[in-house]
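Quick note: residue numbers are just sequence positions, from 1.
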Amino acid sequence: MEHRLELFTQYLKDTNVDAAFINSTENFFYLTGFHTDPHERLLGLLVFPEADPIAVLPGMEKGQIRDAGWTKEVIGYADHENPWQMMADKMKENGIANVKTVGIEKQVLSYGRSESFFELFEDVKVEDIEGHLNNMRVVKDDHEISIMKEAAELADFGVSVGVEALEEGITEMEVLAKIEYELKKKGVAEMSFSTMVLFGEKSGQPHGNPGDRRLKPGDFVLFDLGVVWKGYTSDITRTFAYRSVSEEQKAIYNKVKEALEASLAISKPGTRIGDLDQVARDVITDAGYGDKFPHRIGHGLGINVHEFPSMSHLNDGVLKEGMTYTIEPGIYDPEVGGVRLEDDVLVTEDGYVTLTKTPKELRIIE
């Protein structure tokens, strides 16, 4: 964390930003090593080019940030106290004055909180620091990669639990409950997003909601799940057939798999990000299913389950070694059902590895 703070502080010096306020829980964790959900309470990190940073958080969590290894200043406020005034007092105490340019995360800091924040200064220029933080986070170090491998292993485990739970007549929610229960036993406190278990025609909904639909022969079964593990996320999708599969279902499945493999094949440093989407989209479109693939090929993955960059065909950025993202083509037919296959991908020196390992061959669950 110390190295990340040093790099960010140097960025402030290079861009003549006199103070920065980090308000997102993700960037706060990235720079401090402390992961928390403050709910409605204020969480923030003040960073300066020539002075020590100051963490601002509910007083009840002051001990926890110390346990996480934070050695710099902390403002821990009680519910009846005004953290903004405490920040002003602390900056005055530390001799921080003549602030002319401040950096904020424009997409994160709420209007109300920005009003309170800017009352701390007079006539300041505002810079958006979010893009720089995204670029810092997009390439993962060895420690981050090791955690993400563990998170992916747990996602693979979740899929295996779901497969083992399948039996005729079981509901989507019953299978979902078994998956999350077994992951809790593994120490997973939080899922990356709301787990999806979708049967039959409901698998034809890209973002369907699990419910009381019961499993029957001939159904597609779609699992989409991920975990938060030591502050980092995973995200996997696999689709199976239950007891039997039609020729149309086979055709859909095989095209999705072909699209995934086409995108993986060009995953290496220097590849234009948008090309990952385009090659997969071409496979699906050429097979006549173009209108049934309504979303981008994937998204960045890390502290957030959906983070920078967006893996759409319009993205002219390029892949770099250490980037992690998802590839998840799909074909969705509201009558036949849908198929999505998703892997978590790490760019290596000369190619890629998939962090998720569950096989992608069409499997019929007997």
Is it the case that K186 places NZ or CZ above or below the six-membered ring of F157, under 6.0 angstrom from the centre and within 45 degrees of the axis?
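That pair qualifies as a cation-pi contact.
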Is R137 close enough and on-axis enough to F308, meaning under 6.0 Å and within 45°, for cation-pi?
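Not satisfied by the 6.0 Å and 45° rule.
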Selection residues 316-365 - residue pairs positive for ring pair (Phe, Tyr, Trp, His ring centres under 6.0 Å), sequence neighbours left out
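Sorted result for residues 316-365: H295-Y332.
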Would you say [X] and [Y] make side-chain contact, with heavy atoms under 4.5 Å?
X: L222; Y: T237; answer: yes
X: D235; Y: S192; answer: no
X: I179; Y: V197; answer: yes
X: D350; Y: K268; answer: no

Any donor-acceptor pair under 3.5 Å from D141 side chain to H143 backbone
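Looks like yes, one N/O pair under 3.5 Å.
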Exam field: side chain E127 to backbone T101, donor-acceptor pair closer than 3.5 Å:
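Not at all, since once roles are kept as given, no pair shorter than 3.5 Å links the two residues.
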CD of E93: more than 12 outside heavy atoms within 6.0 angstrom?
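Enclosed: over 12 neighbouring heavy atoms sit under 6.0 Å from CD of E93.
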Once the angle between the rings of Y11 and H132 is folded into 0 to 90°, is it parallel (under 30°), tilted (30 to 60°) or perpendicular (over 60°)?
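Aromatic pair Y11/H132 classed parallel.
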Mind telling me whether Y253 and F220 have parallel, tilted or perpendicular rings, with 30° and 60° as the class edges?
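Answer is tilted, since the angle falls between 30° and 60°.
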Taking K230 first and then E150, would you say they form a salt bridge - that is, a charged N and a carboxylate O separated by under 4.0 Å?
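Judged by the 4.0 Å cut-off on N to carboxylate O distance, K230 and E150 do form a salt bridge.
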Determine, for D343 against K360, whether the closest basic-nitrogen to carboxylate-oxygen distance falls under 4.0 angstrom.
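Salt bridge between D343 and K360, a charged N being under 4.0 Å from a carboxylate O: yes.
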Nearest heavy-atom neighbours spanning M311 and L276:
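Minimum heavy-atom separation between M311 and L276: CE-CD1, 3.5 Å.
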Please find the pair of heavy atoms, one from P309 and one from M323, that lie closest to each other, and give the distance.
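Of all heavy-atom pairs spanning P309 and M323, the closest is CG-CE, 3.9 Å.
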